[in-house]
Amino acid sequence: MLHITMIGCGAIGVGVLELLEQDPQLCVDAVIASAGSAELVRQRLASFRQPPQVLTALPADARPDLLVECAGHKAIEEHVLPALERGIACLIVSVGALSEVGLVERLEAAAARGNTRIELLPGAIGGIDALSAAKVGGLDSVDYIGRKPARAWKNTPAEQLCELDSLSEPTVIFEGSAREAARLYPKNANVAATLSLAGLGLDRTRVTLIADPLSEDNVHQFQARGAFGGFEMSLRGKPLPANPKTSALTVYSVVRALGNHAHAISI
Ligand SMILES: NC(=O)C1=CN([C@@H]2O[C@H](COP(=O)(O)OP(=O)(O)OC[C@H]3O[C@@H](n4cnc5c(N)ncnc54)[C@H](O)[C@@H]3O)[C@@H](O)[C@H]2O)C=CC1
Ligand SMILES: O=C([O-])CC(=O)C(=O)O
């Protein structure tokens, strides 16, 4: 059995815990919550058969087999970097955090010192295997369009650009590099960062973000061109009821990745 500590217990974290209750090979022993939300998280977990322990940091003597981040950009610096230094393998969904200049190198160095690895999960997007394989042969362009219902852009810079509540047609709220998208939209542009890190990099991947009052889904589209040929992907993700910014596929992506670490066959 694999012993897991999870960072963050919001929409993704709870969804993952619910699904993992059915897998005897995976056990989430502990959840790391932010100090202000630990009590709320304990209440959230009270109905679970075996509720994980709720902590605010990884204890110095803790040695989980895996640490999985489902919290947000700040958790990478706060929890993931020190865990890598201690030799704990980490999986993360807040891939947009790696848009901060120098963080990729610091994560690599910490993992090297700890003789361990960090795994960037595909989350709400698919096709990362094909894109990163295509990169080996050389890519010419990767263009990504992220389209979400207007409510998913609440509490983001999009509010300064348009009236989200009364939007009547799809509206472009961002055009630029994946690095800038991830910086401005930390809860909505992790996919843009993931595509970049798998493909042409954060500065050469072109990103368009759209607030679409006519869509109920989080739609992720990208096209890639290169020596391998061409590749178009369109994925319509259902948002999680607990967080309209986040697609349900992100939860499944975490469960799949953890299962691949525990099961005899990984796919
Ligand atoms: N790669 C991908 O495709 C996607 C990635 N994400 C990332 O996942 C993150 C979490 O998404 P949701 O669960 O929907 O958000 P949420 O807001 O429902 O839950 C996040 C939880 O993490 C906790 N948290 C925040 N910072 C923390 C820290 N430093 N230490 C411990 N706990 C902390 C919050 O208190 C909250 O309970 C997003 O912020 C985003 O960065 C989200 C959707 C897709
Ligand atoms: O969940 C999604 O659809 C994608 C998302 O929030 C992100 O890219 O940060």
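In this text, all values refer to a predicted model and were calculated from it rather than measured experimentally.
- Taking CG of L139 as the start and OG of S132 as the end, the distance is 9.5 Å to the nearest 0.5 Å.
- Linking ILVMFWY residues whenever their side-chain heavy atoms come closer than 4.5 Å, directly or via other members, places I32 and I118 in the same cluster.
- Distance alone, capped at 3.5 Å, is enough to place a donor-acceptor pair between the T205 side chain and the G201 backbone.
- Judged by distance alone, with hydrogens and angles left aside, the side-chain atoms of T171 form a donor-acceptor pair with the main-chain N or O of E169 at under 3.5 Å.
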Hey, mind stepping through H263 and D23 against side-chain contact (heavy atoms from CB on, under 4.5 Å) and telling me if it holds?
CA-CA 10 Å; H263 305 150; D23 191 332; 2.8 Å; yes
Please step through side-chain contact (heavy atoms from CB on, under 4.5 Å) for the pair L240 and T250, ending with a clear verdict.
CA-CA 9 Å; L240 288 171; T250 316; 6.0 Å; no
What do the steps show when you test R183 against E100 for salt bridge (charged side-chain N to carboxylate O under 4.0 Å, His left out), and what is the final call?
CA-CA 8 Å; R183 187 181 72 78; E100 187 190 312; over 6 Å; no
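- Shortest non-hydrogen contact noted between R256 and I267 is NE-O, 3.2 Å.
- Counted by atom type alone, D203 and S177 present zero donor-acceptor pairs between their side chains at under 3.5 Å.
- Using a 4.5 Å heavy-atom threshold, the side chains of V68 and I7 count as separate.
- The number of heavy-atom neighbours closer than 6.0 Å to CD of E216, taken from other residues, nucleotides and ligands shown, is 12 or below.
- Look at K238 and D217 and you find a salt bridge, because one of the NZ, NE, NH1 or NH2 atoms lies within 4.0 Å of a carboxylate O, short of that distance.
- Within the 3.5 Å criterion, the main-chain N or O of N155 finds a donor-acceptor partner in the side chain of E159.
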Audit row: L167, D212, side-chain contact (heavy atoms from CB on, under 4.5 Å) steps and yes/no
CA-CA 8 Å; L167 218 57; D212 186 349; over 6 Å; no
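- In this structure, the side chains of L197 and L98 come closer than 4.5 Å at one or more pairs of heavy atoms.
- Note that the OG atom of S168 and the CD atom of E163 stand 12.0 Å from one another [nearest 0.5 Å].
- Using modelled atom types, one side-chain atom of T116 and one backbone atom of A89 make a donor-acceptor pair closer than 3.5 Å.
- Using a 4.5 Å heavy-atom cutoff, the side chains of S196 and V142 are not in contact.
- We find that E39 and R44 are not joined by a salt bridge, their nearest charged nitrogen and carboxylate oxygen being 4.0 Å or further apart.
- One finds no salt bridge joining D140 and R204 here, because no Lys/Arg side-chain nitrogen approaches an Asp/Glu carboxylate oxygen to under 4.0 Å.
- For residues 227-254, every residue pair satisfying the ring-ring contact (aromatic ring centres under 6.0 Å, His included) rule, not counting sequence neighbours, is listed here: F222-F231.
- Annotation: side chain of R147 is not in contact with side chain of R236 (no heavy-atom distance under 4.5 Å).
- Inspection of the S34 and S37 side chains reveals an N or O donor paired with an N or O acceptor under 3.5 Å.
- With hydrogens and angles disregarded, a donor-acceptor distance shorter than 3.5 Å links the side chain of Q25 to the backbone of A262.
- In the hydrophobic clustering of this structure, L161 groups with V207; members are Ile, Leu, Val, Met, Phe, Trp, Tyr whose side-chain heavy atoms approach within less than 4.5 Å, directly or through other members.
- L19 is connected to F48 through a chain of hydrophobic side-chain contacts under 4.5 Å among Ile, Leu, Val, Met, Phe, Trp and Tyr, so both are in one cluster.
- For E69 and K74, the salt-bridge test fails: no basic side-chain N is under 4.0 Å from an acidic carboxylate O.
- M6 and L84 are not part of a single hydrophobic cluster, where members link through side-chain heavy atoms under 4.5 Å apart.
- Criterion: ILVMFWY side-chain heavy atoms under 4.5 Å apart, direct or through other members. Under it, L202 and Y144 are not part of a common hydrophobic cluster.
- Every residue meeting the side-chain contact (heavy atoms from CB on, under 4.5 Å) condition with H261, not counting sequence neighbours, appears here in chain and number order: L2, L66, L91, E119.
- In this structure, N190 and V93 have side chains that are not in contact, with every pair of non-hydrogen atoms separated by 4.5 Å or more.
- Looking at L58 and R86, their side chains come closer than 4.5 Å, going by heavy atoms from C-beta outward.
- Contact between L121 and V95 at its shortest, heavy atoms only, is O-CG2, 3.9 Å.
- Judged purely by atom type and a 3.5 angstrom limit, R206 has no side-chain atom pairing as donor or acceptor with the backbone of A178.
- In this structure, R63 and I88 have side chains that are in contact, with non-hydrogen atoms separated by less than 4.5 Å.
- In the displayed structure, Q22 atom CD is contacted under 6.0 Å by more than 12 heavy atoms of other residues, nucleotides or ligands.
- In this structure, Q53 and R42 have side chains that are not in contact, with every pair of non-hydrogen atoms separated by 4.5 Å or more.
- Between the side chains of D65 and H3, no donor-acceptor pair of N or O atoms lies under 3.5 Å.
- Atom OG in S215 sits 7.5 Å away from atom CG in N218 (nearest 0.5 Å).
- Contact detail for L200 and S141: the closest heavy-atom pair is CD1-CA, 3.5 Å.
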Derivation and outcome, side-chain contact (heavy atoms from CB on, under 4.5 Å), residues I128 and L195
CA-CA 7 Å; I128 296 299; L195 289 171; 3.8 Å; yes
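- Interatomic distance, L81 CG to R106 CZ, rounded to the nearest 0.5 Å: 5.5 Å.
- Proximity of a side-chain donor or acceptor of R179 to a complementary backbone N or O of S99 within less than 3.5 Å is detected.
- When all heavy atoms are compared, the tightest approach of L235 to A124 is CD2-O, 3.7 Å.
- Annotation: the span from Q223 atom CD to L131 atom CG amounts to 12.0 Å, rounded to 0.5 Å.
- Across A211 and A150, no two heavy atoms sit closer than the pair CB-CA, 4.5 Å.
- Between N188 and K245, the closest heavy-atom pair is OD1-CB, 3.6 Å.
- Pairs of residues two or more places apart, or lying in two chains, that qualify as ring-ring contact (aromatic ring centres under 6.0 Å, His included) and include a residue from residues 181-200 are W153-Y185.
- A 6.0 Å sphere centred on CZ of R117 holds no more than 12 heavy atoms belonging to other residues, nucleotides or ligands.
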